Amino acid sequence: MADVRVQYPEMRALILEHLTRLANPAWRASNLKKDSSVDLDFDDLVNFLYDTSGLLNDPRGALGITLHGLDEVEAVQRLRDAFEAAIEEGGLSGEDSGTDPLWDLIGDKSATVVDMLSARGCAGGDPSPG
């Protein structure tokens, strides 16, 4: 299947912003706390990725909405799988974001998605990289 245009480039840009933060270990360690004094806490991040954007809730459904191609869908599915594995293993909280190795896996998967989304940009137009 060829790449498709996204209907919501602004949401794609917000996804890229959130995943860029999540990919950064220093940001995770200092910001993913259940604390209203930070600009984005753990609950806000999970809510955005699963519910607001629908990205992790239904990666295939995001094709043409916020994702350009099946390679992006597959990378997001691997990120969702990392989140789900962490939840199955006993849960995730922002409190352990600096120490739990599952956060490293989630960070790595986030970085992969960031690289893919960045390569194609956030415009709703031509989905071709470069």
Side-chain angles (χ1 to χ4, degrees):
M1 168 185 245
D3 282 357
V4 297
R5 292 175 186 234
V6 296
Q7 292 178 14
Y8 299 103
E10 297 85 8
M11 180 63 75
R12 182 180 171 93
L14 287 172
I15 289 168
L16 183 58
E17 179 183 322
H18 282 69
L19 292 179
T20 297
R21 290 175 175 177
L22 190 55
N24 181 327
W27 184 89
R28 286 195 311 269
S30 64
N31 287 280
L32 287 181
K33 308 277 188 234
K34 292 187 180 198
D35 179 352
S36 61
S37 68
V38 296
D39 65 336
L40 178 73
D41 72 9
F42 176 75
D43 290 337
D44 293 336
L45 179 76
V46 171
N47 183 57
F48 177 82
L49 292 175
Y50 274 95
D51 299 327
T52 304
S53 71
L55 184 73
L56 296 183
N57 193 37
D58 183 14
R60 286 203 175 276
L63 183 62
I65 305 298
T66 55
L67 300 178
H68 282 300
L70 289 176
D71 58 336
E72 292 180 350
V73 169
E74 291 165 0
V76 169
Q77 286 175 322
R78 288 189 291 274
L79 173 58
R80 183 191 61 194
D81 291 346
F83 263 100
E84 298 297 322
I87 290 166
E88 271 184 35
E89 190 165 302
L92 264 185
S93 76
E95 301 306 315
D96 58 12
S97 61
T99 58
D100 192 322
L102 291 169
W103 274 112
D104 292 335
L105 178 62
I106 289 169
D108 291 346
K109 300 298 181 190
S110 296
T112 298
V113 175
V114 166
D115 290 345
M116 290 183 144
L117 297 184
S118 296
R120 290 189 177 104
C122 294
D126 183 8
S128 310

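Positions are given from 1, in the same order as the sequence printed here. Keep in mind that this is a model prediction, so the values were computed, not measured.
- The nearest pair of heavy atoms linking Arg5 to His68 is CA-ND1, 4.0 Å.
- Hydrophobic clustering (side-chain heavy atoms under 4.5 Å, transitive across Ile, Leu, Val, Met, Phe, Trp, Tyr) groups Leu63 together with Leu49.
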Assess the residue pair Arg78 and Asp108 against the criterion (salt bridge (charged side-chain N to carboxylate O under 4.0 Å, His left out)); give the C-alpha distance rounded to whole Å, side-chain angles, the decisive distance to 0.1 Å, and a yes or no.
CA-CA 10 Å; Arg78 288 189 291 274; Asp108 291 346; over 6 Å; no
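- Scanning for side chain to side chain contact (heavy atoms under 4.5 Å, CB included) contacts around Glu10 gives an empty result, with sequence neighbours left out.
- Side-chain N or O atoms of Arg80 include none that pairs as donor or acceptor with a backbone N or O of Leu55 at under 3.5 Å.
- Note that the CG atom of Asp58 and the CD atom of Gln77 stand 9.0 Å from one another [nearest 0.5 Å].
- Counting heavy-atom neighbours within 6.0 Å of Tyr50 OH, excluding the residue itself, gives a total above 12.
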Test side-chain contact (heavy atoms from CB on, under 4.5 Å) applied to Leu22 and Lys109, step by step:
CA-CA 10 Å; Leu22 190 55; Lys109 300 298 181 190; over 6 Å; no
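- Residues Ile106 and Arg28 form no side-chain contact, since every pair of their non-hydrogen atoms from C-beta on lies 4.5 Å or further apart.
- Atoms CG and CG, on Asp81 and Leu105 in that order, are 9.5 Å from each other to the nearest 0.5 Å.
- Cluster annotation: Tyr8 and Met116 are assigned to distinct hydrophobic clusters (Ile/Leu/Val/Met/Phe/Trp/Tyr, side-chain heavy-atom contacts under 4.5 Å, transitive).
- Considering CG of Leu117 and CZ of Arg12, their distance stands at 4.5 Å, rounded to 0.5 Å.
- Residues Leu19 and Ser110 approach most closely at O-CB, 3.8 Å, considering heavy atoms.
- Ile65 and Val6 make their closest contact through O-CB, 3.5 Å (heavy atoms, listed as atom of the first residue, atom of the second, distance).
- One hydrophobic cluster holds both Leu56 and Ile15 under the rule that ILVMFWY side chains link at heavy-atom gaps under 4.5 Å.
- What you find for Arg60 and Leu70 is that their closest heavy atoms are NH1-CD2, 3.7 Å.
- When side chains are defined from C-beta on, Phe48 does not count as touching Asp44, because their heavy atoms never get closer than 4.5 Å.
- Taking each heavy atom of Pro9 and Cys122 in turn, the nearest pair found is CB-O, 2.6 Å.
- The two residues Met11 and Thr52 have their closest heavy-atom pair at CE-O, 4.0 Å.
- To the nearest 0.5 Å, the span separating CG on Leu79 from CD on Glu84 amounts to 10.0 Å.
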